[in-house]
Undergrad: 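One structure follows; several queries about it will come next.
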Amino acid sequence: MTTKPAIFQGKYLITIIAAVAIFVVTAVSNYGYYNPDEHYQIVEYAGIKTATFNPTISWEYDAQIRPMLQPAICAGFLKVFSWLSIADPFVQTMLMRIFTAFLSLAIILYFVKNTISTFTDERKRFGYFVVSLLLWFIPCLSVRFSAEIYGGLFFLLALAIYHSGMENVKSKVFFGISLALSFIFRAQMGLAIAGFLLWSLIIDKKKLKTFVTPFFSFVLTYLLLGFCIDWWFYGQPVFTPYKYLIVNAEVSAERFGTRPWWYYLYQIVSYPTYFVGIPLALALIFLLIRNPKNPYIWSFLPFLLVHSLIGHKETRFMFPMAFLAPIILVSAYTESGKIIRSERFKHVANCIILPIFAAVNILGIVIEMNKPARDDSLFPTRYINDNFSSDENVNLFVHDIVTCVPNGFYERGNIAKSQCQNFFQLQYMSDTCRPSLFVCYSSKLKEFTNSDEPISAMNDIGYELDFSYVPQWAEFLFKFFPCFNQDEVAYLFRYNGKTKPSGKIVAQFGTDCENTDGWVFGEPFVKN
């Protein structure tokens, strides 16, 4: 009989301490949201019940397609923050990400504790432990207060409870509760749940009576935390999973576009970098052929296949399954060792492939610890929030960038935003009594300034580079990670009001723009 290692001692404990530090730092740095749904379908909806801000309500609320458990949890957080006099919205969301980070760590560790005995070799056990916590995209996903992540986490918790043993009533009750929470947070998790339950009946030979107690705990949990909370928010009884299915079948592809059926297959290979994605894709294929009875393959395949058949696709829809990537990778690696006897191959794997894999993961973690979430539209608002008082008016000029000066939760009434179409508009409209900022993608600066030295050109008109969406050394590393768009790294310049355009700049752009009479401050700039 294989014994489980003591995961809270020795090198395992050191790994946990390192993971806690990485998760917390990532939670602090990853402000904003990966996708607008993470904000507008949760935080803004929470404002309906808290009355702490004037929420921006999206069309999904009237369509009644979003489950309201997570907005209710968010509303509870906001009420507590109000009692504690924590008013800064960026601090509030940071604390929710830190909470999510510790929740994720607890669930991942519980899952690993109950599955690590799958591997008999101590070296592979420790490798599985490290990868489960520190595969580079795990920390950054684990801090997101989003439906995809919470759905995936509670599915992982259900798997952990199942592997711990289903002999007593307590385990069965919590197994059903965990599955219900996974389904409530993200209805699409029903696909993974169905796949796993089929595996337990067909492959693991569980009897139907094993699931009677989990079934009733699932139904009761959904009624209390799903149906009743949705009724509380919407003001009438509604079954949101059904509404979601009907409405999205009608509007998602038309409104949000479609992608080919193989989109997710390509994302599995490319998104986590090819050095991680190719091994992951090969692991899935290898297990499907070599060990088709693997429970995680049964959970993942229905989820992948149905999502691949739906026209509208987004990478984040696969995020709930990301937590299964470590055990799939290590399981495939272990299985491959049983059929590949070549010492040369093992030497190449140990001396070349694994070190490259480790290096890529370290780089990915370091980048994520030093950047906001994927959507960069909030970073000017964050900068203004941190550097200006609420009664200090600020001109925010933007060029070719979707910069958010949001209503609702993050609203600041002291920001006047305007789109700047050329270099001279920026200079002449900046010389005002209020502080002026300019935001532009780094890839567009040469075009905007018509200069091979855009930073110097910006300095010539009184703008100094004060802040970047990510540190410039991290921007260099973006080219090695396809999931990071190097062309959409935004720079923020601050006007010091000390210089005027040089003759060289006038020669480049002509004198038509020198006359500032008639320029109107608006969005965009127009000339009377």
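The model shown is predicted, which means the values in this text are computed figures rather than measured ones.
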Undergrad: When you measure from the side chain of Ser182 to the backbone N and O of Ser178, does any donor-acceptor pair fall under 3.5 Å?
TA: no
Undergrad: Show me the donor-acceptor pairs within less than 3.5 Å that the side chains of residues 276-292 make with the rest of the protein, sequence neighbours left out.
TA:
| residue | atom | partner | partner atom | Å |
| --- | --- | --- | --- | --- |
| Arg290 | NE | Glu335 | OE1 | 3.3 |

Undergrad: In terms of the angle between their ring planes, are Phe175 and Phe211 parallel, tilted or perpendicular, with boundaries placed at 30° and 60°?
TA: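 Correct class here is tilted.
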Undergrad: Evaluate whether atom CZ of Phe174 has more than 12 neighbouring non-hydrogen atoms of other residues, nucleotides or ligands under 6.0 angstrom away.
TA: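 Atom CZ in Phe174 is not crowded, with 12 or fewer foreign heavy atoms closer than 6.0 Å.
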Undergrad: Judged by atom type as modelled, is there a donor-acceptor pair below 3.5 Å linking the side chain of Asn30 to the main-chain atoms of Lys371?
TA: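 Side chain of Asn30 to backbone of Lys371, a donor-acceptor pair under 3.5 Å: yes, one is there.
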Undergrad: According to the interplanar angle, ranging from 0 to 90°, do the rings of His307 and Phe317 count as parallel (below 30°), tilted (30 to 60°) or perpendicular (above 60°)?
TA: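 The arrangement is tilted - the two ring planes meet at 30° to 60°.
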Undergrad: Just checking Phe154 against Phe185, ring centres under 6.0 Å apart?
TA: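 Yes: the rings meet the under 6.0 Å criterion.
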Undergrad: Should the ring pair His163 and Phe196 be called parallel, tilted or perpendicular, given that the plane angle runs from 0 to 90° and is split at 30 and 60?
TA: perpendicular
Undergrad: Hey, what's the ring geometry for Phe111 with Tyr296, parallel, tilted or perpendicular (30° and 60° as the breaks)?
TA: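 Judged by the thresholds at 30° and 60°, the geometry between Phe111 and Tyr296 is perpendicular.
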Undergrad: Would Tyr162 and Ser171 satisfy side chain to side chain donor-acceptor pair (under 3.5 Å), going step by step from the backbone distance to the final call?
TA: CA-CA 8 Å; Tyr162 184 92; Ser171 294; over 6 Å; no
Undergrad: Fit a plane to each ring of Tyr34 and Tyr271, take the angle between them on a 0 to 90° scale, and name the class: parallel (under 30°), tilted (30 to 60°) or perpendicular (over 60°).
TA: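 Plane angle over 60°, so perpendicular.
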Undergrad: Between the main-chain N or O of Glu314 and the side-chain N or O of Tyr264, is there a donor-acceptor pair closer than 3.5 Å?
TA: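 Present.
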Undergrad: Going through the distances and angles, do Val28 and Ile98 end up as a side chain to side chain contact (heavy atoms under 4.5 Å, CB included)?
TA: CA-CA 7 Å; Val28 172; Ile98 291 174; 4.2 Å; yes
Undergrad: Is it the case that the side chain of Thr50 and the backbone of Lys79 share a donor-acceptor pair, with hydrogens and angles ignored and the cut-off at 3.5 Å?
TA: no
Undergrad: Step through it carefully: locate the ring centre of Phe183, locate the ring centre of Phe155, and say whether they are under 6.0 Å apart.
TA: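 No.
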Undergrad: Just checking, any donor-acceptor pair under 3.5 angstrom between side chains of Gln188 and Tyr244?
TA: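 Result is yes, a qualifying pair exists.
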Undergrad: Is it true that the side chains of Ser58 and Glu44 contain a donor and an acceptor less than 3.5 Å apart?
TA: no
Undergrad: Given 3.5 Å as the limit, does a donor-acceptor pair link the side chain of Ser442 with the main chain of Val489, or not?
TA: yes
